[in-house]
Amino acid sequence: MRTMAADFYSAPTHLLARSLLGKILMHGQLGGRVVEVEAYQGPSDRAAHSFGGRLTQRTRVMYGPAGVAYIYLIYGMYTCLNVVSGGEGRPEAILIRALEPLYGVDTMARRRGQSRNLTNGPGRLTQALNIDRSLNGHCLWRDPLFFSDDGFLVQPSAVRQGPRVGVEYAGAAAKFPWRYWIDGHLGVSTR
DNA sequence: CAGAAGATCCCCT
DNA sequence: GGGGATCTTCTGC
């Protein structure tokens with residue numbers, strides 16, 4: 001497995017989103033293959049936390065270098081993991097929505113309290129992999145949280161895209177096909 | 001199986 | 001004070 005270096009994250013957001021498909025996300029001994037992501041385009045994207053250039057305590061890390069983790073609390077009880085993209089001053093991000101569980105599956109099941117639905121959803125996968133807000137701002141080219149390449153080949157024809165999930169409030173942006181997933185993977189989130 | 005509702009709390013206005 | 005890049009549980013068919 002080759003850990004992705006810092007420059008991997010310098011690609012334009014949508015290209016990086018597609019490049020993340022098929023990679024392995026590792027946190028310590030726990031890990032899985034990325035099968036679904038969503039791109040958030042920054043100030044021009046009504047669905048993005050950084051829409052309109054909003055700079056707050058929460059969104060601060062999005063304005064920093066690409067390749068750091070943006071992790072936030074959602075609905076009071078779950079956390080979402082994003083990869084910051086776009087580079088300094090361009091607050092874009094990619095939400096990791098689903099993994100195929102591969103390493104430490106028993107631990108994931110224990111953490112989730114069930115043996116199914118371990119990592120098919122942004123809140124589920126962070127719970128399974130024990131990823132919380134203490135890792136906000138972490139550089140994703142370093143231990144303990146990083147992406148790597150195990151040689152898995154994503155067939156270009158298997159990459160699907162469609163509207164993002166849970167952003168109905170975002171007007172026209174709600175329909176932009178900025179959710180990417182690998183077709184045929186049961187790990188893809190269901191919502 | 002589908003839909004509704006509840007949980008829960010930080011963030012921002 | 002309102003709402004959210006979610007998930008689980010419960011209800012009813």
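In this structure, the side chain of Arg110(A) does not engage the main chain of Asp106(A) through any donor-acceptor pair within 3.5 Å. Using a distance-only test at 3.5 Å, with no hydrogens or angles considered, a donor-acceptor pair links the side chain of His27(A) to the main chain of Asn130(A).
Which of dT8(B), dT8(C), dA5(C) sits closest to the side chain of Arg124(A) comes down to dT8(C). The side chain of Val165(A) sits closest to dT6(C) out of dC10(B), dT6(C), dC7(C). Distance from the side chain of Ile74(A) is smallest to dA5(C) among dT8(B), dC7(C), dA5(C).
A residue-by-residue look at Arg133(A) and Tyr78(A) shows that Tyr78(A) has its nearest nucleotide of DNA chain B further toward the 5' end.
Leu73(A) places its CG atom 17 Å from the P atom of dA7(B), with the value rounded to the nearest Å. Note: CZ (Phe51(A)) to C1' (dA5(C)) measures 15 Å, nearest angstrom. Rounded to a whole Å, the CD atom of Gln57(A) is 17 Å from the C1' atom of dT13(B). Separating the CG atom of Asn117(A) from the P atom of dT6(C) is a distance of 15 Å, rounded to the nearest angstrom. The CZ atom of Phe176(A) sits 16 Å away from the C1' atom of dA5(C) (whole-angstrom rounding). One can place CG of Leu81(A) at 13 Å from P of dC7(C), the figure rounded to the nearest angstrom. Atom CG of Asp132(A) is separated from atom C1' of dT6(C) by 17 Å (rounded to the nearest Å). In this structure, CZ of Arg111(A) is placed 14 Å from P of dT8(C), rounded to the nearest angstrom.
If you check every strand for non-hydrogen atoms under 4.0 Å, Arg164(A) touches nothing. Within the 4.0 angstrom heavy-atom criterion, base atoms lie near Gly76(A). Among the atoms of the strands shown, only primed sugar atoms or phosphate atoms (P, OP1, OP2) are found under 4.0 Å from some heavy atom of Arg112(A).
Phosphate contact (OP1/OP2 of dC11(B), side-chain N/O of Arg54(A), threshold under 4.0 Å): absent. Here Gln114(A) reaches the OP1 or OP2 of dT8(C): one of its side-chain N or O atoms lies under 4.0 Å away. Side-chain nitrogen and oxygen atoms of Arg179(A) include none within less than 4.0 Å of the OP1 or OP2 phosphate oxygen of dA5(C).
Under the Watson-Crick and G-U wobble criteria, each requiring two contacts below 3.5 Å, nucleotide dG1(C) is paired to dC12(B).
Using a 3.5 Å distance cut-off with no hydrogens or angles, the side chains of Arg111(A) and Gln127(A) do not pair a donor with an acceptor. Thr79(A) and Thr126(A) share a donor-acceptor pair across their side chains, judged by distance under 3.5 Å alone.
In terms of polar N and O atoms assigned as donor or acceptor, the side chain of Tyr75(A) never comes within less than 3.5 Å of the base of dA7(B) in a complementary pairing.
Taking the six-membered ring for Trp and the full ring otherwise, the centers of Tyr72(A) and His49(A) sit less than 6.0 Å from each other.
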